[in-house]
2 protein chains.
Amino acid sequence: MAKRKTISIKDVARESGASLTTVSLVLNDRDHRISPATRERVLKAVDRLGYRPNRLAQGLQSQKSGLIAILVPQLRHAFADAYFGELISAIHDHASEVGYKILLEVARPEFIKSNQHQELFDRHFVDGILCCGVTNKDVYLKEFAGAGRAVVVVNNYLPSFKLNHVCCDYKAAGRMAGEYLLDLGHRRMGLIHGAQEVQTSLDLQHGFEEALRDAGVKLPASLVEDGLYTEEGGEAAAKRMMKRNPGVTAILAGNDKMAIGAITGLKDAGFRVPEDVSVVGCDDMHQAGYCDPPLTTVHTPIYELGKRACERLMDLIKGRVDIVEEIHPVNMTIRKSASPPKPA
Amino acid sequence: MAKRKTISIKDVARESGASLTTVSLVLNDRDHRISPATRERVLKAVDRLGYRPNRLAQGLQSQKSGLIAILVPQLRHAFADAYFGELISAIHDHASEVGYKILLEVARPEFIKSNQHQELFDRHFVDGILCCGVTNKDVYLKEFAGAGRAVVVVNNYLPSFKLNHVCCDYKAAGRMAGEYLLDLGHRRMGLIHGAQEVQTSLDLQHGFEEALRDAGVKLPASLVEDGLYTEEGGEAAAKRMMKRNPGVTAILAGNDKMAIGAITGLKDAGFRVPEDVSVVGCDDMHQAGYCDPPLTTVHTPIYELGKRACERLMDLIKGRVDIVEEIHPVNMTIRKSASPPKPA
DNA sequence: CTGAAAGCGCTAACAC
DNA sequence: GTGTTAGCGCTTTCAG
């Protein structure tokens, strides 16, 4: 590979007949005492030479990397997922707007065990970290709590210790879905949640239970299934639930993937959706409009949330704020997977 | 934010009573003349202090960033896509195995226009680039051709100039799907391709045409539609096609998303899949097993491909090879969306 | 076996 | 207005 010699500020200085300092000052627009003539000469040389500042050198000097990391959990194939994709998209869009680049990291057990999440800071890899897909089991996050590091948890939060976060209101989401189904006339409803160790999943459940309770309807343990946040999990959960409770007329799933899986499972077990069983999802991913029937779901503004999280992270990095705690409202997207229960 | 002072090799030297050089030598295992005793002392100090080498300084010295960039095209939300997600996943997994981190970049027009793809190298942001979702229109890639830069095009290639690439055999894919449908007894088939400016899309079409031609079957222009690689596009394309050619009994789509969209469109237009119209996709994404009916599709080993592309990029970076040209075989995954045509 | 010193490319006090 | 110089943290000759 033909090594192209890297041209430095020194070359520009020589070429323009100015000194290193002058060149640096011009380049950074730092000092307005520079004469227009010199300025011009330097800029010309920069152009002629095609000079580009070396960011490793800049970073060494400024103690800033210009990078932020997105930490995602280890899933089947971590990035082949619409939810995380949407989040990453949003973060990338905003970060590049403000001149930051993004590093992708998967929080595998070895990654955490070998303390690489800390090393991202210690070794000056990144200036900040955005944590996605966090669970209550991620105790390593505690090391970030109040440690003066620019870290923001995206669309979740930890109940046991304070961490910067930007999150949707999942309790409201559960409540909203519950009220919607109650309004349709449902009385026997089930829940497929994502995971007991995810706070937002618990919040959704609590909101749902609250809405039902307010209407005098119970949600017994036998009507709560674990769907693992996956299509397969949702499918299996729906089948288990209908087997134990054939009288169920509506199901709320903790995300759209499980809702879609549940629809598959219901159909497979001979139920029509929504005629026999209504299904409501949560997320409103792109996919939700393209299943059969199109999914009625709670819309969580994921893209917007990712953007906000990134903005707040920048605030932390620049020292403009010290803590971040934001909760965003949600709303229902009505499509066709939920309808009134059929008359008994 | 409580600024934690960054501890350097100098601190380790002081703490261990050794010199900078010695510490560096120990750390890099570079020189085996170091006495075990000193070695021990240094390592202890490193531990005690929690010293972590600053990679900006290391990079400045070595002229290596330890990062590679993944360049993806600007889609609706670039990363909320199963295909790219799978690729990114694979690349991340392999890169972190060999100690590299990955940077995510979206090739928006402004990004290219302002030459940021070049700057990634010039400014020492990255040591190499993996280009995904490339089209024949991406002429800027020409600047990478033979320029001695570590760049690999992933799952595509450019017909007009030589670029390092690792790609699936899409011509074989088209041929395979064609032969499968012919074997089932289909004679009137349509194609929904992704985009005319994507070489692999053209290859798929050519392979498909070839298979049909060999069997004496034609693929007239009226049976070729553009599906834009999206669900919506596939849905619209299927509807257009059936309107113009009600006699079509099978459709090949250039990816699974369009195939799934096509199924939606066909159902919507009153056709049963596969009883009235068979649909075959291409990719074999996770999603493919979860639509109704489960999708028969050409399996392209995307994950494996991403891994290979990453390996080859490392070879280029280390100077172990000069050019990369790999084509990977594909095979059919039979599910339920294709069956023999119904008797006329 | 170990240390002093130069240098990677850049920024910023501090002179002049 | 502009240049000299020190230093960011590390690696690596080259002496000892």
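Proteins get letters first, then strands, A, B, ... in listed order; numbering begins at 1 in each.
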Engineer: H124(A): which residues meet the ring pair (Phe, Tyr, Trp, His ring centres under 6.0 Å) condition with it, sequence neighbours left out?
Structural biologist: none
Engineer: At under 4.0 Å between heavy atoms, which parts of nucleotides 8-16 of chain D does protein reach? Answer with one letter per nucleotide, 5' to 3': B base, S sugar-phosphate only, - none.
Structural biologist: BBBBBB---
Engineer: Checking T22(A) now: which residues fulfil side-chain hydrogen bond (donor to acceptor under 3.5 Å, both in side chains) with it, not counting sequence neighbours?
Structural biologist: S19(A)
Engineer: Identify the two heavy atoms, one from Y51(A) and one from I9(A), that lie closest to each other, and give their separation to 0.1 Å.
Structural biologist: CE1-N, 3.4 Å
Engineer: In whole angstrom, give the distance that lies between atom CZ of R14(A) and atom P of dG9(C).
Structural biologist: 12 Å
Engineer: How bent is the helix from dC1(C)-dG16(D) to dC16(C)-dG1(D), comparing axes over its five end pairs at each side, to the nearest 10°?
Structural biologist: 50°
Engineer: Could you work out, with side-chain hydrogen bond (donor to acceptor under 3.5 Å, both in side chains) as the rule, every residue matching T135(B), not counting sequence neighbours?
Structural biologist: none
Engineer: OP1 or OP2 of dT2(C) sitting under 4.0 Å from any side-chain N/O of T22(B)?
Structural biologist: no
Engineer: For D127(B), give me all partners under side-chain hydrogen bond (donor to acceptor under 3.5 Å, both in side chains), at least two apart in sequence or on another chain.
Structural biologist: S65(B), Y100(B)
Engineer: Run the side-chain hydrogen bond (donor to acceptor under 3.5 Å, both in side chains) test against Y83(A) and tell me which residues pass, sequence neighbours left out.
Structural biologist: N155(A)
Engineer: Report the residues that fulfil ring pair (Phe, Tyr, Trp, His ring centres under 6.0 Å) with H92(A), sequence neighbours left out, ordered by chain and then residue number.
Structural biologist: F79(B)
Engineer: Quick one: list whatever passes ring pair (Phe, Tyr, Trp, His ring centres under 6.0 Å) with H117(A), sequence neighbours left out.
Structural biologist: Y140(A), F144(A)
